[in-house]
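Heads up, the thing below is written out as structure tokens.
In what follows, chains carry the letters A, B, and so on, assigned in the order in which the sequence lines appear, proteins first and then strands, with residues in each chain numbered from 1.
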There are 2 protein chains.
Amino acid sequence: MSIPSETPSDLPAPSIGDRIVQAIRRDIFDGVLASGSRIKIRDLAVRYAVSEMPVREALRQLEGEGLLDAQPHRGATVVAIDETFIRNVYEMREALSGMVAAAAATRATASEREALRAAMVAHERAAETGDDDAILTADRNFHAILDRMAANPVADRAMAMGRGLTESLRARCGFGGDRRAQTVAEHRALVAAIVAGDARGAELFARVHVAAARADLLRQFKATAG
Amino acid sequence: MSIPSETPSDLPAPSIGDRIVQAIRRDIFDGVLASGSRIKIRDLAVRYAVSEMPVREALRQLEGEGLLDAQPHRGATVVAIDETFIRNVYEMREALSGMVAAAAATRATASEREALRAAMVAHERAAETGDDDAILTADRNFHAILDRMAANPVADRAMAMGRGLTESLRARCGFGGDRRAQTVAEHRALVAAIVAGDARGAELFARVHVAAARADLLRQFKATAG
DNA sequence: GCGCTTAGTTTGTGATCACATTTTACGTTC
DNA sequence: GAACGTAAAATGTGATCACAAACTAAGCGC
């Protein structure tokens with residue numbers, strides 16, 4: 001009769017389809033499923049050792065997310081993850097991050113401000129160590145809090161795919177030069193503006209932050225992948 | 001052997017699933033499927049006179065688009081289309097429209113500029129007649145050209161759902177006061193900035209345009225629906 | 001030798017069946 | 001009478017089968 005001390009929202013056993021969605025998404029990001037390549041349902045079914053049904057549903061969902069291009073009776077292809085695609089994703093993220101930052105500066109409660117600052121500090125600690133995995137995790141947490149402050153799940157959903165993509169690219173291509181230290185400085189400016197309730201400044205700093213990240217990642221991408 | 005004089009991209013017979021996606025989406029926008037209501041696969045299957053299979057795929061895709069909230073083994077519910085949801089959609093559209101306008105001002109070719117101006121004039125003609133359906137069609141065409149100029153399909157996809165929603169709401173709630181004339185004036189300012197290659201001005205005018213549309217639509221929505 | 005046609009294969013799509021989970025309703029017990 | 005537990009119905013999920021459309025390649029005619 002003991003009430004399980006889990007997260008408040010009890011999760012009702014994820015279905016196989018959901019698991020396949022995550023698996024395919026990860027394989028696309030990691031390049032296991034080459035960008036631009038054709039996706040065959042039966043192949044994926046045997047690869048993930050499941051029936052064709054969960055794969056079909058997963059493909060539909062990923063098509064909705066924009067990771068697959070599907071045409072009736074002709075199957076699906078992985079979207080081309082090239083320089084222009086990355087640029088487009090970042091262009092969108094820049095606009096949305098600016099909006100999120102401005103909203104956060106306007107709507108933030110005191111406890112949220114404190115949580116954001118704590119996440120910023122945690123990120124700085126990770127940056128000092130130079131452990132890229134830890135940096136990525138801390139950065140994800142920082143921006144998750146920021147997104148929550150903006151209280152716009154519609155925009156969150158639009159940004160979700162881009163976040164996953166860029167995070168995976170970072171893990172593969174790494175950071176360039178003094179990008180880690182720059183990120184820390186940009187976060188500080190952003191948090192200062194949000195804490196001060198300066199929506200315009202927060203938007204500006206957020207956009208600068210994303211633009212700088214884009215420039216660095218594109219440089220790393222071209223240097224690594226070609 | 002006559003080559004069919006169709007659109008250049010030959011469309012390979014849309015599947016039933018695709019048709020169901022459009023049908024459900026329309027029914028959600030039109031309120032036939034009440035916002036927040038539970039979706040049952042079997043019900044929809046009989047409603048649209050198809051098997052359960054296409055419905056399942058359609059639900060997955062609509063979940064990816066953000067129109068449905070799904071939980072494993074508990075089915076899907078229509079997202080709550082209330083004031084805050086509309087506000088969130090418009091908040092995102094404002095940011096993305098600004099980005100699109102800036103990109104269009106930067107990248108536009110001469111012929112694209114001319115096409116945009118022509119679409120603007122067509123919209124003005126429609127606005128003079130006061131025929132809301134014609135206005136919506138002309139407005140859709142105007143923004144379609146604008147989106148194409150920005151050449152960012154990733155952002156396009158993110159905006160697609162919002163466009164469909166607001167268009168449907170417009171058809172239901174109508175325009176308020178002198179909103180039709182205001183729209184014409186805002187379009188003129190936006191086009192002037194784009195033609196002049198003024199990215200910053202284009203972004204500003206686009207955001208003002210969306211913000212004004214949001215304010216008017218929310219007023220109409222509250223007056224009409226509740 | 002080149003192009004079109006046509007048969008064969010592959011592959012996406014739709015339908016039906018079987019099962020697991022959830023939800024609802026009823027009955028029991030304190 | 002309320003709360004818990006259990007049985008039954010409803011419903012989402014997974015698997016297999018059957019069909020149709022698209023791609024491939026071989027065969028035929030020019």
Please determine whether a side-chain nitrogen of the Lys or Arg among [X] and [Y] lies less than 4.0 Å from a carboxylate oxygen of the Asp or Glu.
X        : Y        : answer
A:Glu83  : A:Arg87  : yes
A:Arg140 : A:Asp147 : no
A:Asp69  : A:Arg74  : no
A:Glu52  : A:Arg56  : no
A:Arg107 : B:Glu91  : yes

Starting at [atom1] of [X] and ending at [atom2] of [N], how long is that distance when rounded to a whole Å?
X       : N      : atom1 : atom2 : value
A:Glu52 : C:dA15 : CD    : P     : 17 Å
A:Gln71 : C:dT11 : CD    : P     : 17 Å
B:Asp18 : D:dA21 : CG    : C1'   : 14 Å
A:Ile16 : C:dA20 : CD1   : P     : 12 Å

Is the count of non-hydrogen atoms from other residues, nucleotides or ligands lying under 6.0 Å from A:Arg125 atom CZ greater than 12?
->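 Count not over threshold, so no.
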Answer yes or no: does atom CZ of B:Arg163 have more than 12 heavy-atom neighbours from other residues, nucleotides or ligands under 6.0 Å?
->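 Yes.
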Within residues 33-49 of chain B, residues whose heavy atoms come under 4.0 Å of DNA chain C |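 None, since no heavy atom is under 4.0 Å.
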Centroid-centroid distance, B:His187 to B:His143, less than 6.0 Å =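 Distance test on ring centres: under 6.0 Å, yes.
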Any side-chain N or O of B:Ser51 less than 4.0 Å from the OP1 or OP2 oxygen of C:dG14?
->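 For B:Ser51, the contact criterion (side-chain N or O under 4.0 Å from OP1 or OP2 of C:dG14) is not met.
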Establish, with yes or no, whether the OP1 or OP2 oxygen of D:dA21 is under 4.0 angstrom from a side-chain nitrogen or oxygen of A:Arg74.
->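 Answer no for this pair, as no side-chain N or O of A:Arg74 is under 4.0 Å from OP1 or OP2.
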Heavy-atom pair of closest approach, residues A:Glu63 and B:Arg157 |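 Heavy atoms of A:Glu63 and B:Arg157 come nearest at O-NH1, 3.1 Å.
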Which nucleotide sits closest to the side chain of A:His73: C:dA15, D:dA22, D:dG14?
->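 Of the options given, the side chain of A:His73 lies nearest D:dA22.
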Considering only heavy atoms, which members of residues 59-70 of chain A lie under 4.0 Å from some atom of DNA chain D?
->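 Heavy-atom cutoff 4.0 Å gives no residues at all.
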Under 3.5 Å donor-acceptor pair, B:Arg56 side-chain atoms to C:dG14 base atoms =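 By the distance-only test, no, there is no pair.
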